[in-house]
Amino acid sequence: MNDAKKPLLGLTAAELKDISVQLGLPAFTGGQIAKWIYEKHVGSIDAMTNLSKAARQQLNEHYQVGAAAPIHCQRSTDGTVKYLFPVLANTDGHSTKFVETVFIPDDDRATLCVSSQVGCKMNCLFCQTGKQGFEGNLSACDILNQIYSLPERDRLTNIVFMGQGEPMDNLDAVLRATQLLTASDGYAWSPKRITVSSVGLKRHLKRFLDESDCHVAISMHSPFHEQRLQLMPAEKAMPLSETLDLLRQYDFTHQRRCSFEYICFGGLNDSLVHAREIVKLVQGIECRVNLIRFHQIPCVDLPSTDPLRMEQLRNHLTHHGVYATIRASRGEDILAACGLLSTAKKSQDDSNNIQI
């Protein structure tokens, strides 16, 4: 891929029309390009066969589609597949960066867990991505490429922004990606098929809620300020109480869904005391709570809970009017489960190990 050429993937139909006019091509060429990218998923400009040869030549001089195939994959015994994608928008101008993306098939559903950053600034105690540190934001092209170049793309039913990074910390690119996913002249997906997660960056979260109709998932992990602060340093600047106050200003009783992600640590945050506090905190918010078993990561002394404790927590929440589910762990054997993604040790040498 030629990094000097700008990618077309990640541009709106209106922007593609502007490019066409700038190149001296008819404005309707932009609409044709948008269809070739977002409907037909072509791999090259030369494949856009209803464009004249001269038009394709002009485009090729300055642009590329921007698609980059995954260079590595791992397959779990449960059917989950983890892909390693190169980052087109080089974040430091020197080394090649990578992100991990997880494809999760489940009967008639197929979910893709996409990344929004290389690493993460939030440094949550229980998350391997946080241990990687922050290495750069993904462009809208790099976010969409995880879908565009996915071998199982045509099987997808849902997308969750729960991979590497804090989506609200890269909001411009995430909003652009979700808008293209839902635009009639983009992927034309329903926003009900997309969920974007956040630790609760208040100002950015408000903008997301105002500008997008996609579902939102908030990382809770403890209903108590001091305990959440120990688990999630972001609680200091962005307390859960303020996030909840913001969420109460929005209507989640119709199409859009609000959920809370809650990783369970044995003897730490899985008691009925916690369950009762969660019920109090989410009062007035139509929501669900997804309970997730903690997956061990190196050098972190946190215990995982047992299934019975999770069931008791779920049952208490449900009995008191808070819909709760226990999320099945998927891909743990290939380090693809919640909190396990990291590309800290990846290098260009990985490109010699293609296992697609």
Side-chain angles (χ1 to χ4, degrees), residues 1 9 41 43 67-88 96-120 126-132 135 138 142-165 167 177 181 187 189 193-195 197 217 261 263 290-298 300 304 307 325-356:
M1 190 181 302
L9 179 62
H41 304 102
I71 66 166
H72 189 270
C73 79
Q74 292 175 276
R75 300 181 186 276
S76 169
T77 55
D78 64 23
T80 300
V81 188
K82 183 171 71 171
Y83 288 102
L84 184 69
F85 281 94
V87 175
L88 175 61
T96 301
K97 303 295 184 184
F98 301 93
V99 288
E100 292 185 323
T101 307
V102 182
F103 173 72
I104 310 167
D106 185 17
D107 295 329
D108 59 344
R109 289 171 59 90
T111 301
L112 189 69
C113 182
V114 301
S115 294
S116 55
Q117 295 178 314
V118 182
C120 185
F126 48 82
C127 181
Q128 190 66 26
T129 306
K131 307 305 174 196
Q132 177 174 345
E135 297 185 29
L138 296 188
D142 283 315
I143 293 172
L144 290 171
N145 182 59
Q146 296 168 69
I147 303 157
Y148 197 92
S149 299
L150 185 80
E152 299 89 351
R153 179 189 62 229
D154 294 336
R155 294 172 55 189
L156 290 179
T157 60
N158 299 84
I159 292 172
V160 294
F161 283 73
M162 298 181 182
Q164 291 177 267
L181 285 168
Y187 276 77
W189 275 38
R193 298 171 64 180
I194 303 167
T195 301
S197 69
E261 307 297 295
I263 295 177
N290 296 316
L291 304 175
I292 305 163
R293 179 172 61 82
F294 172 59
H295 305 105
Q296 290 296 152
I297 63 174
V300 173
S304 187
T325 63
I326 296 175
R327 182 181 293 166
S329 291
R330 298 291 302 272
E332 189 172 3
D333 57 329
I334 58 169
L335 301 181
C338 182
L340 299 182
L341 299 185
S342 176
T343 52
K345 296 182 180 179
K346 304 299 186 217
S347 70
Q348 292 186 8
D349 293 338
D350 286 300
S351 61
N352 297 321
N353 299 314
I354 300 174
Q355 297 180 18
I356 301 300

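All values below come from the heavy atoms of this structure, side chains included, with hydrogens, waters and symmetry mates left out.
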Student: If you count the non-hydrogen atoms of other residues, nucleotides and ligands that lie under 6.0 Å from CZ in R153, is the total more than 12?
Tutor: yes
Student: Quick one: does T157's side chain have a donor or acceptor within less than 3.5 Å of a partner on A110's backbone?
Tutor: yes
Student: Does E100 reach the main-chain N or O of A336 with its side chain, forming a donor-acceptor pair under 3.5 Å?
Tutor: no
Student: Hey, what's the ring geometry for W189 with Y187, parallel, tilted or perpendicular (30° and 60° as the breaks)?
Tutor: perpendicular
Student: Under a 4.5 Å cut-off applied to non-hydrogen side-chain atoms, are S329 and H295 in contact?
Tutor: yes
Student: Atom CD1 of I263 and atom CD1 of I292: how far apart are they, to the nearest 0.5 Å?
Tutor: 5.5 Å
Student: Using 0.5 Å steps for rounding, measure from the CG atom of N145 to the CG atom of L150.
Tutor: 10.0 Å
Student: Going from OG1 on T343 to CD on Q128, what distance comes out if it is rounded to the nearest 0.5 angstrom?
Tutor: 10.5 Å
Student: Can any side-chain N or O of T80 pair as donor or acceptor with the backbone N or O of I104 at less than 3.5 Å?
Tutor: no
Student: Distance alone, cut at 3.5 Å: any donor-acceptor contact between the side chains of Q296 and S304?
Tutor: no
Student: So do the side chains of Y83 and E152 get within less than 4.5 Å of each other, counting heavy atoms only?
Tutor: yes
Student: How far does CZ of F98 sit from OG of S115, to the nearest 0.5 angstrom?
Tutor: 13.5 Å
Student: Heavy atoms, side chains only, cut-off 4.5 Å: are D106 and T111 in contact?
Tutor: no
Student: Considering only heavy atoms from C-beta outward, does the side chain of D142 approach that of V99 to under 4.5 Å?
Tutor: no
Student: Looking at D78 and G331, would you say the former's side chain and the latter's main chain have a donor-acceptor pair under 3.5 Å?
Tutor: yes
